[in-house]
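Okay, so here's the structure we're looking at.
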Amino acid sequence: MSSGDIRVEVRGKVAIVFMDRGENRFNLKFLADLNAALDKVLSNNDVQVMVTTGVGKFYSNGLDLNWMRGQGPEILQQLMEKFGEIKMKILTFPLPTVAAINGHCMAGGAMLAMCHDHRVMRSKRGWFGLPEIHLNLRFQASMLAMLKRRLPSGDVQRDLLLFGKRFSGEECARRRVVDLVCEEQELLDQAIRIAEDCVGKGGFDRTMMKVMKEDVYSEVIEVYEKEKHNPRQDRRLPAKL
């Protein structure tokens, strides 16, 4: 049974953000608590790298669709804005980041994982996918810009973005969606090893790391900023063909 917590644990120079709310679906409360956890990581000047992970069978299954059905347009717009802010915050985080994908990682959860610098995935259990095509949902422009920038090009983007296929951990590693696949009991250790390899002995200047990420992902940030001022209100198809 999940604890309902989003908590931060520091191990040496590595901060681990544990998401422990079942399927870790995103609603306004979840995103606010995740944002607070990210701020807690940044408040510790001794931390040089961040790992995020879930607990149990799920990294994250994305947006909380059941919660969304009971909300009006203004709340739903707030949700998408907050989700966009979290994605950009992790994409340009002033520390190296690693997603330790412990289980199912679907839709918005997969987008969140792709915002990290590195990804490690559990073997033999859990799917990675972007099933928007099966839900008749369009990607927001900023979502698509980020995914096209971060995913390997060609058949990987075709299979994940166009056809909504789901990949096992082994398939993700083979097709370079994740850096490494390993047994569940090794997942955090491997994520921490990758994290520590990123920073070496001295770590990075946080201001420089953030600026560098903003430079590298400038085209994604540009699309996101335009979208903030002219959001697409409805991701569903405008009409049947």
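Taking 4.0 Å as the cut-off between side-chain N and carboxylate O, Arg175 and Glu171 count as a salt-bridged pair. Using a cut-off of 4.0 Å between Lys/Arg side-chain N and Asp/Glu carboxylate O, Glu184 and Lys124 are scored as not salt-bridged. Salt bridge annotation for Lys89-Asp39: present, with a cationic side-chain nitrogen under 4.0 angstrom from a carboxylate oxygen. Look at Lys29 and Asp33 and you find a salt bridge, because one of the NZ, NE, NH1 or NH2 atoms lies within 4.0 Å of a carboxylate O, short of that distance. Note on Glu214 versus Lys210: salt bridge recorded, some NZ/NE/NH1/NH2 to OD/OE distance being below 4.0 Å. Ion pairing between a basic and an acidic side chain is recognised when a charged N comes within 4.0 Å of a carboxylate O; Arg149 and Glu219 show such pairing.
A continuous path of hydrophobic side-chain contacts links Leu91 to Leu130 [ILVMFWY only; heavy atoms under 4.5 Å]. Val14 and Met50 fall into different hydrophobic clusters, where Ile, Leu, Val, Met, Phe, Trp and Tyr side chains are chained together by heavy-atom contacts under 4.5 Å. With hydrophobic clusters built from ILVMFWY side chains whose heavy atoms lie under 4.5 angstrom apart, Ile194 does not share a cluster with Met121. Grouping the Ile, Leu, Val, Met, Phe, Trp and Tyr side chains by contacts below 4.5 angstrom, directly or via other members, places Met114 apart from Val51. No continuous path of ILVMFWY side-chain contacts below 4.5 Å connects Phe139 to Met106, so the two sit in separate hydrophobic clusters.
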Using the rule given for salt bridge (Lys or Arg N to Asp or Glu O under 4.0 Å), can you reason through Arg174 versus Glu170, listing the C-alpha separation, both sets of side-chain angles and the distance that settles it, and then say yes or no?
CA-CA 6 Å; Arg174 185 179 71 81; Glu170 289 77 8; over 6 Å; no

Are Val98 and Asp179 close enough, and set up right, to give a side chain to side chain contact (heavy atoms under 4.5 Å, CB included), and what steps lead you there?
CA-CA 10 Å; Val98 183; Asp179 300 86; over 6 Å; no

Hey, mind stepping through Ile86 and Leu38 against side chain to side chain contact (heavy atoms under 4.5 Å, CB included) and telling me if it holds?
CA-CA 9 Å; Ile86 287 285; Leu38 300 180; 4.2 Å; yes

Might you work through the side chain to side chain contact (heavy atoms under 4.5 Å, CB included) test for Leu147 and Gln157, ending with a clear yes or no?
CA-CA 8 Å; Leu147 291 167; Gln157 291 191 21; over 6 Å; no

Passes side chain to side chain contact (heavy atoms under 4.5 Å, CB included), Lys228 versus Glu81? Steps please.
CA-CA 8 Å; Lys228 282 202 305 183; Glu81 289 172 359; over 6 Å; no

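Around CD of Glu74, the count of heavy atoms belonging to other residues, nucleotides or ligands within 6.0 Å does not exceed 12. Shown here is Ile133, whose CD1 atom has no more than 12 heavy atoms of other residues, nucleotides or ligands within 6.0 Å. No more than 12 heavy atoms of other residues, nucleotides or ligands lie within 6.0 Å of NZ in Lys40, so this atom counts as exposed by the packing criterion.
Taking CD1 of Ile221 as the start and NZ of Lys226 as the end, the distance is 13.5 Å to the nearest 0.5 Å. For the atom pair Arg119 CZ and Ile101 CD1, the distance stands at 7.0 Å (nearest 0.5 Å). Note: Leu34 CG to Asn24 CG = 9.0 Å, rounded to the nearest 0.5 Å. Annotation: the span from Ile75 atom CD1 to Met68 atom CE amounts to 11.5 Å, rounded to 0.5 Å. Within the model, atoms CE of Met111 and OG of Ser142 stand 9.0 Å from one another, a figure rounded to the nearest 0.5 Å. Separating the CD1 atom in Ile192 from the CG atom in Asp197 is a distance of 12.0 Å, to the nearest 0.5 Å.
Side chain of His134 to main chain of Gly164: a donor-acceptor pair is present (N/O by atom type, distance under 3.5 Å, no hydrogens or angles). Looking only at distances, no side-chain donor or acceptor of Arg11 sits under 3.5 Å from a matching main-chain atom of Ile16. In this structure, the side chain of His104 engages the main chain of Trp127 through a donor-acceptor pair within 3.5 Å. A donor-acceptor pair under 3.5 Å is formed between the side chain of Ser123 and the backbone N or O of Cys182. Counting only distance, with no hydrogens or angles, the side chain of Asp20 and the backbone of Asp5 share no donor-acceptor pair below 3.5 Å. Formation of a donor-acceptor pair under 3.5 Å by the Arg122 side chain with backbone atoms of Glu183 is not found in this model. Formation of a donor-acceptor pair under 3.5 Å by the Thr53 side chain with backbone atoms of Phe18 is not found in this model. Formation of a donor-acceptor pair under 3.5 Å by the Asn44 side chain with backbone atoms of Val41 is not found in this model. With hydrogens and angles disregarded, no donor-acceptor distance shorter than 3.5 Å links the side chain of Asn27 to the backbone of Trp67. When atom types are taken as modelled, the side chain of Arg150 and the backbone of His116 share a donor-acceptor pair closer than 3.5 angstrom.
Shown here for Ala37 and Val17, the closest heavy-atom pair between the two residues is CB-CG1, 4.0 Å. What you find for Met209 and Leu95 is that their closest heavy atoms are CG-N, 3.9 Å. When all heavy atoms of Phe26 and Gly109 are compared, the pair lying nearest together is CE1-N, 4.0 Å. Minimum heavy-atom separation, Val49 to Pro96: CG2-O, 3.0 Å. For the pair Asn102 and Val55, the tightest heavy-atom approach, listed with the atom from each and the gap, is ND2-N, 3.5 Å. For the residue pair Gln48 and Val199, the shortest heavy atom distance occurs at O-CG1, 3.4 Å.
Counting only heavy atoms from C-beta outward, the side chains of Arg125 and Lys57 approach each other to under 4.5 Å. With contacts defined as side-chain heavy-atom distances shorter than 4.5 Å, the pair Val10/Asp46 does not qualify. Using a 4.5 Å heavy-atom cutoff, the side chains of Glu85 and Leu31 are not in contact. No side-chain heavy atom of Gln71 sits less than 4.5 Å from a side-chain heavy atom of Leu79. Under the 4.5 Å side-chain criterion, counting only non-hydrogen atoms from C-beta, Ile6 is in contact with Phe30. In this structure, the side chains of Phe93 and Asp117 stay at 4.5 Å or more apart for every pair of heavy atoms. Here the side chains of Asn45 and Arg206 are in contact, with some heavy-atom distance below 4.5 Å. Proximity of Met19 to Tyr59: side-chain heavy atoms (C-beta onward) are separated by under 4.5 Å at one or more points.
Tested against Val120, the residues Val181, Val178, Leu180, Asp189 include a single side chain to side chain contact (heavy atoms under 4.5 Å, CB included) partner, Leu180.
Judged by the 6.0 Å and 45° rule, Lys87 forms a cation-pi pair with Phe83.
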